[in-house]
Trainee: 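Handing you a structure now.
Excluded from the calculations below are hydrogen atoms, water molecules and symmetry mates; all remaining heavy atoms, backbone and side chain alike, are included.
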Amino acid sequence: NDLVTVIDINAIPRQYLSTGAANDATVQSFLQTNVANPFRNLPEAAGTAFFSPATVQRQQLLRPFPQFQSVNVFEDDGKSWYDAFQLRVERRFAQDFSFLGTYTYSRLEEAITRLNPTDTEYERRIGDADIPHRFTASGIWELPFGKGKRFFAEASGLTQVLLGGFQLTGLYQFQTGLPLTVPPAELAPGVTDIVTTVNSATIDTGTFDINLLQDRAALRNGLAIRTAPSRFKSFRGDTYSSLDMSLLKNIGFTETVKLQLRAEVFNVFNKPLFTGIDLNPQTRTSFGRVLQGNNQVNLPREFQFGIKLLF
């Protein structure tokens, strides 16, 4: 509770806005018609966008404070809700093997923005950090070779140096993609939800059906009441999936001193995670696609080698 919110108290009054499913040419024409600028050359308007022009659009003069554009007020009455189910499975190290797996099913909601500036209540929507599913699995396996192990249990000297002391570790992570914010457009007739599965195999391919949204110029211009929510539970970015693995070789000199050789691979399958999905319904050919030139936000496959002296 008590989250910071921002409210524009200088929006066009609700009674002047379009409420229909299609663009209302009459409403747009009324609001966008140029009329005489009453603030022209007034000393009080010096330094503002209204000091010089001879005309302004009628919509500006209908605002509660027509001498200003947006007037933002900060409040601390926003709220968020988080519910989760957590599962943990652990096998402690025994017989050369250990395992830890976790799973979280959760839902994060927030009420910190208004769908329309003139709304009296905040929109309760999915939070920007909502991750419904997250799974992790990690394990350590000491390979069964060398002194005291299943194979070459009596090894010593050079045989132990070559075959013993190997350890394999792995870490796998998976989580659903973060929610995307729906642009100022309405759902097409008959549509109640929108679903997308961003394909990270190539940044040229998008799987979003652009016919699910209909572009409304009045919404883009703030001249219509929006009814479609700003976020949907199924409208998300790409899932995150990554496997890291390490192969370690321990060479003991004494009971307290050993040399450790490490070979590590991060993002073994080289699965990229891109941002920059085009969410503008006006760009019909690229809407819902990952755009060229956007950066990969996770690490590409990376190899790392190291030596440690432990004592």
Trainee: Is the terminal nitrogen or CZ of Arg40 (NZ for Lys, CZ for Arg) located under 6.0 angstrom from the six-membered ring centre of Phe50 and within 45° of that ring's axis?
Mentor: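 Cation-pi check for Arg40 and Phe50: fails.
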Trainee: Near Phe93 CZ, under 6.0 Å, is it more than 12 heavy atoms from other residues, nucleotides or ligands?
Mentor: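 Atom CZ in Phe93 is crowded, with more than 12 foreign heavy atoms closer than 6.0 Å.
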Trainee: Compute whether any side-chain donor of one residue and acceptor of the other, for Tyr240 and Thr176, lie under 3.5 angstrom apart.
Mentor: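 No, no side-chain donor-acceptor pair sits under 3.5 Å.
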Trainee: Going by an N to O cut-off under 4.0 Å, is there a salt bridge joining Glu110 and Arg125?
Mentor: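 The answer is yes: the pair qualifies as a salt bridge.
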Trainee: Side chains of Arg231 and Thr181: any donor to acceptor distance under 3.5 Å?
Mentor: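 The answer is yes; a qualifying pair exists.
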Trainee: Give a yes or no answer on whether the side chain of Thr33 reaches the backbone of Ser29 with a donor-acceptor pair at less than 3.5 Å.
Mentor: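 Confirmed, Thr33 side chain pairs with Ser29 backbone.
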Trainee: Taking side-chain hydrogen bond (donor to acceptor under 3.5 Å, both in side chains) as the criterion, tell me which of Arg134, Gln86, His133 meets it with Tyr103.
Mentor: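 Per the side-chain hydrogen bond (donor to acceptor under 3.5 Å, both in side chains) rule, the option paired with Tyr103 is His133, out of Arg134, Gln86, His133.
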Trainee: If hydrophobic clusters are built from ILVMFWY residues whose side chains come within less than 4.5 Å, do Phe65 and Ile7 share one?
Mentor: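 Phe65 and Ile7: one cluster.
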Trainee: Are any non-hydrogen side-chain atoms of Phe51 and Leu42 less than 4.5 angstrom apart?
Mentor: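 Not touching, per the 4.5 Å side-chain cut-off.
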Trainee: Is Asn10 reaching over with its side chain to a backbone N or O of Phe68, donor-acceptor style, under 3.5 angstrom?
Mentor: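 Here the side-chain-to-backbone pair exists.
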Trainee: Answer yes or no: is there a donor N or O on one side and an acceptor on the other, between the side chain of Ser106 and the main chain of Ile131, under 3.5 Å?
Mentor: yes
Trainee: Find out whether the Lys NZ or Arg CZ of Arg91 is both under 6.0 angstrom from the six-membered ring centre of Phe99 and within 45° of the ring's axis.
Mentor: no
Trainee: Is the count of non-hydrogen atoms from other residues, nucleotides or ligands lying under 6.0 Å from Lys249 atom NZ greater than 12?
Mentor: yes
Trainee: Using modelled atom types only, decide if a donor and an acceptor are shared between the side chain of Asn34 and the backbone of Thr55 within a distance under 3.5 Å.
Mentor: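 Checked: no pair found.
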Trainee: Run the salt bridge (Lys or Arg N to Asp or Glu O under 4.0 Å) check on Arg236 and Asp130 step by step: do they pass?
Mentor: CA-CA 10 Å; Arg236 296 178 175 273; Asp130 178 60; 2.5 Å; yes
Trainee: Under a 3.5 Å distance rule, please check whether Asp119 uses its side chain to pair with a backbone N or O of Glu121 as donor and acceptor.
Mentor: no
Trainee: Taking Asp2's backbone N and O only, do any of them form a donor-acceptor pair with Asp76's side chain (distance below 3.5 Å, no angle check)?
Mentor: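 No; zero donor-acceptor contacts below 3.5 Å.
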Trainee: My understanding is that only one of Gln60, Gln59, Arg58, Gln57 makes a side-chain contact (heavy atoms from CB on, under 4.5 Å) with Val35; could you say which?
Mentor: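 Single side-chain contact (heavy atoms from CB on, under 4.5 Å) partner of Val35 among Gln60, Gln59, Arg58, Gln57: Arg58.
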Trainee: Would you give the length of the straight line joining atom CZ of Arg226 to atom CG of Asn116, rounded to the nearest 0.5 angstrom?
Mentor: 8.0 Å
Trainee: Has the side chain of Asp24 got a donor or acceptor atom that lies under 3.5 Å from a matching backbone atom of Ser18?
Mentor: no
Trainee: Given the rule in the salt bridge (Lys or Arg N to Asp or Glu O under 4.0 Å) test, do Lys271 and Asp238 qualify, once you have shown the distances and angles that lead to the verdict?
Mentor: CA-CA 11 Å; Lys271 185 180 185 302; Asp238 196 9; 3.4 Å; yes
Trainee: OH of Tyr105: more than 12 outside heavy atoms within 6.0 angstrom?
Mentor: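 No, because the 6.0 Å sphere around OH of Tyr105 holds 12 heavy atoms or fewer from other groups.
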Trainee: Where the side chain of Gln175 meets the backbone of Ser241, is there a donor-acceptor pair that is under 3.5 Å apart?
Mentor: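 Not confirmed, Gln175 side chain does not pair with Ser241 backbone.
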Trainee: Counting only heavy atoms not in Glu90, do more than 12 sit closer than 6.0 Å to its CD atom?
Mentor: yes
Trainee: Among Ile225, Asp8, Ile12, Ile9, find the residue that satisfies the side-chain contact (heavy atoms from CB on, under 4.5 Å) test when tested with Thr118.
Mentor: Ile225
Trainee: Can you tell me how far apart CG (Asp77) and CD1 (Ile112) are? Round to the nearest 0.5 Å.
Mentor: 11.0 Å
Trainee: Once rounded to the nearest 0.5 Å, what's the spacing between atom CG of Leu178 and atom CG of Leu108?
Mentor: 10.5 Å
Trainee: Any chance you could measure Leu17, atom CG, to Leu62, atom CG, to the nearest 0.5 Å?
Mentor: 9.5 Å
Trainee: Decide yes or no on side chain to side chain contact (heavy atoms under 4.5 Å, CB included) for Arg301 and Val265, but give the supporting numbers first.
Mentor: CA-CA 7 Å; Arg301 181 166 49 217; Val265 185; 4.1 Å; yes
Trainee: Working to the nearest 0.5 Å, report the span between CZ of Phe266 and CG of Leu243.
Mentor: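 The CG atom of Leu243 is 11.5 Å from CZ of Phe266, to the nearest 0.5 Å.
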Trainee: Side chain of Ser70, backbone of Asn72: donor and acceptor closer than 3.5 Å?
Mentor: no
Trainee: Take atom CD in Gln15; do more than 12 heavy atoms of anything else shown fall under 6.0 Å from it?
Mentor: yes
Trainee: Please check if atom CG in Leu87 has more than 12 non-hydrogen atoms from other residues, nucleotides or ligands closer than 6.0 Å.
Mentor: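 More than 12 heavy atoms, drawn from other residues, nucleotides or ligands, come within 6.0 Å of this atom.
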Trainee: Tell me if the CZ atom of Phe311 is crowded by more than 12 foreign heavy atoms within 6.0 Å.
Mentor: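 No, not enclosed.
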Trainee: Rounded to the nearest 0.5 Å, what separates atom CG in Leu3 from atom OG1 in Thr113?
Mentor: 11.5 Å
